[in-house]
Visitor: 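Please read through the structure below; I'll follow up with questions.
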Amino acid sequence: MNILVTGGAGFIGSAVVRHIIQHTSHHVLNVDKLTYAGNLESLASVADHERYQFSQTDICDRVALDQLFKTFQPDLVMHLAAESHVDRSITGSKDFIETNIIGTYQLLEAARFYWNALEESKKATFRFHHISTDEVYGDLEGTDDLFTETTPYAPSSPYSASKASSDHLVRAWHRTYGLPVVLTNCSNNYGPYHFPEKLIPLIILNALAGKALPVYGNGEQIRDWLYVEDHARALYTVVTEAKVGETYNIGGHNEQKNIDVVKSICTLLEELAPNKPSGIEHYQDLITYVKDRPGHDLRYAIDASKIEKDLAWVPLESFETGLRKTVQWYLSNTKWIENVQSGEYKNWLVEQYQADE
Ligand code: NAD
Ligand code: TYD
């Protein structure tokens with residue numbers, strides 16, 4: 001099959017592209033604008049593969065999208081391109097509205113016109129897979145509650161509101177035009193090639209550099225962590241096996257308080273990187289409580305029983321094994337890290353943290 005992946009140079013998209021090229025015989029066209037979060041170095045292991053091609057294209061550019069659909073003739077579309085960082089959406093929401101809402105609309109329209117013209121047998125097997133987040137469901141207050149596929153939407157941040165909007169568009173394109181869609185809503189991912197503005201890579205790299213480890217508010221917020229390769233495998237399973245119109249929640253059964261995540265990283269670093277920067281006795285001494293994120297959701301947790309039951313998908317990594325692999329990856333991939341720690345990323349960190357330093 002020909003699989004068109006949007007956002008394939010990002011954290012999760014690159015794991016999806018690597019998974020498809022390395023574990024299947026399908027062809028991939030990676031459509032990515034290469035924003036600050038897009039990094040072709042994350043695709044170095046597949047870049048020269050004959051079944052892989054890349055197009056630097058903005059999903060808001062309908063003319064370019066139409067041309068790509070025409071020449072690549074996709075059997076499946078996996079839509080991951082998005083602005084994805086909650087903190088950035090708070091300081092500047094425009095890009096989130098443009099890419100996550102308008103971009104998804106343009107992609108849906110390009111897919112719909114392409115799909116309408118397909119012969120009947122191809123029309124029946126075509127899929128548009130929209131990759132979304134558990135953040136559309138908002139905050140869980142009760143400690144035992146879990147997000148299910150029928151939890152009402154209640155997004156809190158510009159990021160989650162823009163993703164919720166895009167989910168609604170995708171479902172409307174199915175109901176109104178019959179476009180064969182599937183959707184997934186996943187919990188927080190972590191693992192290799194994660195851009196170091198997000199909690200886990202930021203803490204690993206700050207600790208190794210002897211810098212403050214910023215914990216928002218009291219650090220009691222809870223996230224449900226999933227290893228990125230488990231997510232990539234789930235996405236491939238859904239796009240190839242799920243029934244049209246279905247939604248699946250994807251999660252790792254790994255609920256952790258932020259402060260505990262930060263402490264676990266420090267403990268792993270004590271073992272794996274015992275030579276600390278001068279003047280640092282314990283990595284944990286670097287933990288610094290900073291002002292809280294506005295509108296910060298307290299708890300996310302996923303009920304993944306539907307995908308486990310229908311599609312026999314289960315995560316292979318526990319938080320313990322996945323976090324160890326992740327820390328080891330950041331310790332041995334210094335070149336990738338050096339290259340992302342430049343340009344726009346640096347400017348962002350200065351803007352974000354100067355108030356607290
Ligand atoms: P990311 O920020 O690492 O990557 C996003 C990619 O999209 C980048 O390569 C970027 O260049 C590209 N992109 C951005 N705007 C574009 C545009 N206008 N046109 C084309 N390409 C564009 O994000 P990620 O963490 O890999 O997330 C991928 C998807 O998964 C997103 O839709 C996100 O909402 C969803 N998701 C993420 C998580 C998580 O924990 N990271 C969890 C659940 C769902
Ligand atoms: P993040 O990785 O930004 O993912 P999301 O906001 O999509 O869940 O943040 C994960 C959690 O960690 C979230 O509750 C915010 C918190 N956090 C910090 O405490 N300090 C930080 O420096 C960052 C980036 C996040």
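Order of appearance sets the numbers: ligands from 1, and atoms from 1 within every ligand.
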Visitor: Would Tyr216 count as being in polar contact with ligand 2, using the rule that some N or O on each side must be under 3.5 angstrom apart?
Guide: yes

Visitor: Glu109 and Trp173: side-chain donor and acceptor closer than 3.5 Å?
Guide: yes

Visitor: In terms of side-chain geometry, is the basic nitrogen of Glu98 or Lys94 positioned less than 4.0 Å from the acidic oxygen of its partner?
Guide: yes

Visitor: Considering only heavy atoms, which of Ile12, Ile59, Thr133 lies nearest to atom 19 (N) of ligand 1?
Guide: Ile59

Visitor: Parallel, tilted or perpendicular: which fits the ring planes of His23 and His19, with parallel below 30° and perpendicular above 60°?
Guide: tilted

Visitor: Would one find an N or O of Asn188, backbone or side chain, under 3.5 Å from an N or O of ligand 2?
Guide: yes

Visitor: For His85, take its heavy atoms, then give the atoms of ligand 2 lying under 4.0 Å from any of them.
Guide: 3 (O)

Visitor: Please say whether more than 12 non-hydrogen atoms of neighbouring residues, nucleotides or ligands are located less than 6.0 Å from NZ in Lys123.
Guide: yes

Visitor: At a non-hydrogen distance cut-off of under 4.0 Å, which region of Ile200 contacts ligand 2 (side chain, backbone, both, or neither)?
Guide: neither

Visitor: Is the shortest distance from a Lys or Arg side-chain nitrogen in Glu220 or Lys257 to a carboxylate oxygen in the other one below 4.0 Å?
Guide: yes

Visitor: Would Glu83 and Lys33 pass as an ion pair if we require N to O under 4.0 Å?
Guide: no

Visitor: Nearest heavy atom to atom 12 (C) of ligand 1 wins, so pick from Asn189, Asp32, Thr99.
Guide: Asp32

Visitor: Any N or O of Glu135 that comes nearer than 3.5 Å to an N or O of ligand 2?
Guide: yes

Visitor: Counting heavy atoms only, which part of Leu34 comes closer than 4.0 Å to ligand 1: side chain, backbone, both or neither?
Guide: backbone

Visitor: Is it true that atom CD of Gln22 has more than 12 heavy atoms of other residues, nucleotides or ligands lying nearer than 6.0 Å?
Guide: yes

Visitor: Could you tell me, atom by atom, which parts of ligand 2 come under 4.0 Å of a heavy atom of Lys198?
Guide: 2 (O)

Visitor: If the plane angle is over 60° it's perpendicular, under 30° parallel, otherwise tilted; pick one for Trp336 and Tyr193.
Guide: perpendicular

Visitor: Counting non-hydrogen protein atoms only, what is the nearest one to atom 21 (N) of ligand 1? Give residue, atom name and distance.
Guide: Lys33 N, 3.0 Å

Visitor: Taking a cutoff of less than 4.0 Å between a non-hydrogen atom of the residue and any ligand atom, is Asp95 in contact with ligand 1?
Guide: no

Visitor: Which ligand 1 atoms, with their elements, are less than 4.0 angstrom from a heavy-atom of Gly38?
Guide: 8 (C), 9 (O), 11 (O)

Visitor: Heavy-atom pairs closer than 4.0 Å: do any link ligand 1 to the side chain of Ser187, the backbone, both, or neither?
Guide: backbone

Visitor: Using a 3.5 Å cut-off on N or O atoms only, is Arg223 in polar contact with ligand 2?
Guide: yes

Visitor: Need the ligand 2 atom indices (1-based, order shown) with element for anything under 4.0 Å from a heavy-atom of Val215.
Guide: 19 (O)

Visitor: Would you call Arg299 and Asp139 a salt bridge, using N to O less than 4.0 angstrom?
Guide: no

Visitor: What I'd like to find out is whether the side chain of Ile200 reaches to under 4.5 Å of the side chain of Val261, using heavy atoms alone.
Guide: yes

Visitor: Pairing donors with acceptors under 3.5 angstrom, does anything connect the side chains of Tyr114 and Asp66?
Guide: no

Visitor: CD of Glu270: more than 12 outside heavy atoms within 6.0 angstrom?
Guide: yes

Visitor: Is Phe128 close to His174 at the side-chain level, that is, under 4.5 Å between some pair of heavy atoms?
Guide: no

Visitor: Give the atoms of ligand 1, by number and element, whose distance to some non-hydrogen atom of Tyr159 is under 4.0 Å.
Guide: 33 (C), 34 (O)

Visitor: Give the atoms of ligand 2, by number and element, whose distance to some non-hydrogen atom of Pro214 is under 4.0 Å.
Guide: 18 (C), 19 (O), 20 (N), 21 (C), 22 (O)

Visitor: How far is atom 1 (P) of ligand 1 from the closest protein heavy atom, and which atom is that?
Guide: Ser84 OG, 3.6 Å

Visitor: If you have a sec, work out which protein heavy atom is nearest atom 44 (C) of ligand 1 and how many Å separate them, to one decimal?
Guide: Ser132 O, 3.1 Å

Visitor: List ligand 1 atoms under 4.0 Å from Thr35, heavy atoms only on the residue side.
Guide: 10 (C), 11 (O), 14 (C), 15 (N)

Visitor: Could you tell me which non-hydrogen atom of Ala209 sits nearest to which non-hydrogen atom of Pro277, and how far apart they are?
Guide: C-CG, 3.9 Å

Visitor: Just by distance, no angles: are the side chains of Tyr216 and Gln221 close enough, under 3.5 Å, to form a donor-acceptor pair?
Guide: no

Visitor: Near His296, which atoms of ligand 2 are under 4.0 Å from a heavy atom of that residue?
Guide: 13 (C), 14 (O), 15 (C)

Visitor: Check each atom of ligand 1 against the heavy atoms of Asn188 and keep those under 4.0 Å away; list them by number with element.
Guide: 40 (O)

Visitor: Check whether the side chains of Ser14 and Arg18 place a donor and an acceptor atom closer than 3.5 Å, and report yes or no.
Guide: yes

Visitor: What residue and heavy atom of the protein are closest to atom 5 (C) of ligand 1, and at what distance?
Guide: Ala82 O, 3.4 Å

Visitor: Is there a polar contact between ligand 2 and Leu202, counting only N or O atoms under 3.5 Å apart?
Guide: no

Visitor: Going by atom types only, do Ser318 and Thr321 share a side-chain donor-acceptor pair under 3.5 Å?
Guide: yes

Visitor: Using 30° and 60° as the class boundaries, would you call the ring planes of Phe147 and Tyr300 parallel, tilted or perpendicular?
Guide: tilted

Visitor: Counting only heavy atoms closer than 4.0 Å, does ligand 1 sit against the backbone of Asn39, its side chain, both, or neither?
Guide: neither

Visitor: What are the atoms of ligand 1, with element, lying closer than 4.0 Å to any heavy atom of Asp58?
Guide: 17 (C), 18 (N), 19 (N)

Visitor: What atoms of ligand 1 come within less than 4.0 Å of a heavy atom belonging to Thr57?
Guide: 19 (N), 20 (C)

Visitor: Among all protein heavy atoms, pick the one closest to atom 43 (C) of ligand 1 and tell me residue, atom and distance.
Guide: Cys186 O, 3.3 Å

Visitor: Among protein heavy atoms, which lies nearest atom 30 (O) of ligand 1, and at what distance?
Guide: Ile131 CG2, 3.5 Å

Visitor: Are any of the N/O atoms in Glu197 less than 3.5 Å from those in ligand 2?
Guide: no

Visitor: Evaluate Leu199 for polar contact with ligand 2, using N/O atom pairs at a separation under 3.5 Å.
Guide: yes

Visitor: May I ask you to list the atoms of ligand 1 that are less than 4.0 angstrom from any heavy atom of Leu80?
Guide: 28 (C), 29 (C), 31 (C), 32 (O)

Visitor: Before signing off on this row, confirm whether Arg293 and ligand 2 have an N or O atom pair separated by under 3.5 Å.
Guide: yes

Visitor: Record the part of His231 in heavy-atom contact with ligand 1 below 4.0 Å; permitted values are side chain, backbone, both and neither.
Guide: neither

Visitor: So which bit of Tyr300 gets within less than 4.0 Å of ligand 1, heavy atoms only: side chain, backbone, both or neither?
Guide: neither

Visitor: Are the charged groups of Lys325 and Glu317 less than 4.0 angstrom apart, N to O?
Guide: yes

